[in-house]
Amino acid sequence: MSASPSKASDSFSLLDERIQRWIWQSGWSELKDAQEQAIPAILAGDTDVVIAAATASGKTEAAFLPILTRLLSTEASSCVMYISPLKALINDQWWRLEGLCESLEIPVTPWHGDIAGTKKRNFKKSPTGCLLITPESLEALLMANGHALQGLFGGLRYLVVDELHAFIGTERGKQLQSLMHRIDRALKRFTPRIALSATLGDMDKAAAFLRPNAAVPATVIKSNDAGQALKVLVKGFIDYPLALADPEAWVGDDADFEKSLSQGTRAISEHLFKTLRGSNNLVFPNSRGNVEKYAALLRGYCEDLGLPNEFWPHHGSLAKDVREETEAALKAKGRPATAVCTTTLEMGIDIGSVKSIAQIGCAPSVASLRQRLGRSGRRGEAAILRCYALEAALAPHSPLSDVLRENLVQSTAQVRLSLRSWYEPPNIGGLHLSTLIQQLLALIAQYGGINAADAWAVLCGSGVFLGVPKQDFILLLRELAKKDILIQTPTGLLLHGRVGEQLVNHYSFYAAFAAEEEFRLVHGGKTLGALPLSQPVEKGTHLIFAGKRWQVLSLDIEKKVIAVMPALGGKLPKFDGGNLPVDDGVREEMRQILSETLPIPFLDSTANQLLQEARATFQSMGLDSLPLLAQTHCVQLFPWRGDRVMNTLALMLKQAGFQAENTGLSIIIKTDNPEKVFEALHGLAVSPPPDPTALVAEVMNKRLEKWDALLPAELLAKNYSSHTLDVAGAHEFIKRLAARRHSPR
DNA sequence: GACCTGCTGCGGTTTG
């Protein structure tokens, strides 16, 4: 037996004797920093607690050591509810907690869709100990046991939310907030909420998310444990694409597959093979299609050399047993394995630590990049990140985004920001009215009918939909009644309508999010394929599909069909890296990188050379001093702001009568008279900020979330603009631009 | 040309 935690720890002495004994037996020499800090705060039980600490720094124990101490000291029927975004995480935590709880005679009950009904019935008979549950299962539990919640959770002492960052700013997060609020209401008291995460950019916003009405103070704990050392390299590659007449022709045998690969893709995969072979690693190429492509290439190299395969794919469309095979390969000792994966392996599942991370193209966000990096670095060793930036070979009429090396510059910006521990601040201003509809229907089930005024008070007045005034709520009730979702009895009670009954009685109701729907692209009666829509689409909007450029003719929201025609003239702009929404902070850092002159130490020689060329263009075009560029038939505007500002600017210019489009780096405004654009911008600068609802009037695809189709038009517009626009940011940009009184060159 | 997450109750069959 090793020595007890020797540093005369006050926190250690606060723990139950039996837990102290378990700590000795586990051979811990001391408590970790997050644990030292969390134990007194959680035992006090009079505040919420947010714990931010790196992976493997004992977050789970920081929460559960004091919580179990508390359960042991109170009456036998007390319990704690642990809420997780993943079933896999519940299964992992169950194994970890069982070891400790068995000796304490505290039961641990996992509860999610794969758990047998008998286990759930047993917990309901004796609701004590640790309940590990998903938001969806908790929703089902509240709806089916509304009358018995006081009896079930009378002994509830704490709510624990794991991986808090995975919930913030999402419709599922809104549901989680509402579930916790409904528990407080049912028990007529508050229960302390404990949140755990490794990548919280803004601790105050995290605490505000954990309890939106701020009725209870929050204790914020940031671990002082030194983070792991990082080794970072950004590699540049020039891509020489193949001149393919018909991409369909390349769906064929292996030889065709090989031929269909661009030179850059092959260069990257050869470098991956050389560098990663012999150790465990994760490769993130951003899409399921790319996962398949790189996994097949790397596996092929192993076969060619007669070596056992070391490369395994992992993504959400793969069958469960295929995914488990990859996870098993990563966990197996003595045999190296690298997973090529999507965000499925970004968090949660225990795969052991890996030696390095490879990121192909830009990561979807800085926070995501950091989360991926956290999976690398064995005990004491540095975490290693290699970013691969693929840039197009330039031609006489290459688009400016290629010339300015958008991919490379964005990757570099993401790395610099993550080294500073900067993460995108979450947009906690999104209304998520889709989830309001779900929660209203759930409340009716939970209470067996509810008065309209009470429903507003629970959900909006005291609850988590604080931005919804009474008149909007009434508007929503009327619309839902019109659609047979709700009925109101003569006594004023809200009940499910005929259609609402069907919604609520299907098991798919419990999830706040929907499986992604795709739109079918049609040209002249022929289907070109299907794609999900994440950008605003209006008549005339340009789309890239199947390697060609199209213009939208019409959009049928019910049938999910977009009619298009070929766009006229011009070269295809290249939207490499996707159209993922980029934050203000990332675009500002990109501008900064382009305006500097010194080489960047973590870029390889190719990347630095590409960057120097881009910087030269940036200077010669005067983009450093003037964000407006007059060209033939158009003006290009470079605000260096995030996509919410860019979307807003494009819509404001459209309202002023121009044809304007957000292309990511710039807004392209069609005109033969640049002076007119400048006059319009001056006009917008001296006008008050526009009404966001009016701005999106012409946007045809305003449905973002699961039940948005049930919203009245006015609320749908409000909801859409709250998620996609930044009117204040756009207006401020235009005012600053106009104040400079330059005219376009 | 993003990506990911989650799901009840019941009836039938099989197994201990």
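Within every chain, numbering begins at 1; the chains are lettered A, B, ... in the order of the sequence lines, protein sequences first and strands thereafter. Computed from a predicted structure; not experimentally measured.
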Does A:Lys124 count as lying over the ring of A:Trp111, i.e. NZ or CZ under 6.0 Å from the six-ring centre, within 45 degrees of the axis? no
Please determine, by modelled atom types, if A:Thr344 and A:His314 share a side-chain donor-acceptor pair under 3.5 angstrom. yes
A:Asn407 CG to B:dG1 C1': how many Å, rounded? 12 Å
Atom CG of A:Asp643 to atom C1' of B:dA2: distance rounded to whole Å? 14 Å
Tell me whether A:Arg644 is salt-bridged to A:Asp583, with the criterion being a basic N under 4.0 Å from an acidic carboxylate O. no
Tell me every residue that passes side chain to side chain donor-acceptor pair (under 3.5 Å) with A:Ser411, counting only those two or more places apart in sequence or in another chain. none
Strictly below 4.0 Å, N to O, side chains only: are A:Asp114 and A:Lys87 in salt-bridge contact? yes
Integer-rounded Å distance: B:dT5 P and A:His314 NE2: 8 Å
Return the value, rounded to whole Å, for the distance between atom CZ of A:Phe167 and atom P of B:dT5. 13 Å
Atom CD1 of A:Ile133 and atom C1' of B:dT5 are separated, to the nearest Å, by 16 Å
Starting at atom CD1 of A:Ile360, determine the distance to atom P of B:dC3, rounded to an integer number of angstrom. 14 Å
Give one of base, sugar-phosphate or nothing for A:Arg121, where a contact means two heavy atoms less than 4.0 Å apart. nothing
Answer yes when A:Arg172 and A:Glu136 have at least one side-chain N-carboxylate O distance shorter than 4.0 Å, and no when they do not. yes
Interatomic distance where CD belongs to A:Glu292 and C1' belongs to B:dC3 [whole Å]: 14 Å
Gap between atoms CD and P, on A:Glu424 and B:dA2 respectively (whole Å): 19 Å
State whether A:Ser287 places a side-chain N or O below 4.0 Å from either non-bridging phosphate oxygen (OP1 or OP2) of B:dA2. no
Classify every nucleotide of nucleotides 6-16 of chain B by which part a protein heavy atom approaches to under 4.0 Å, writing B for the base, S for the sugar-phosphate alone and - for neither, in 5'-to-3' order. BBB--------
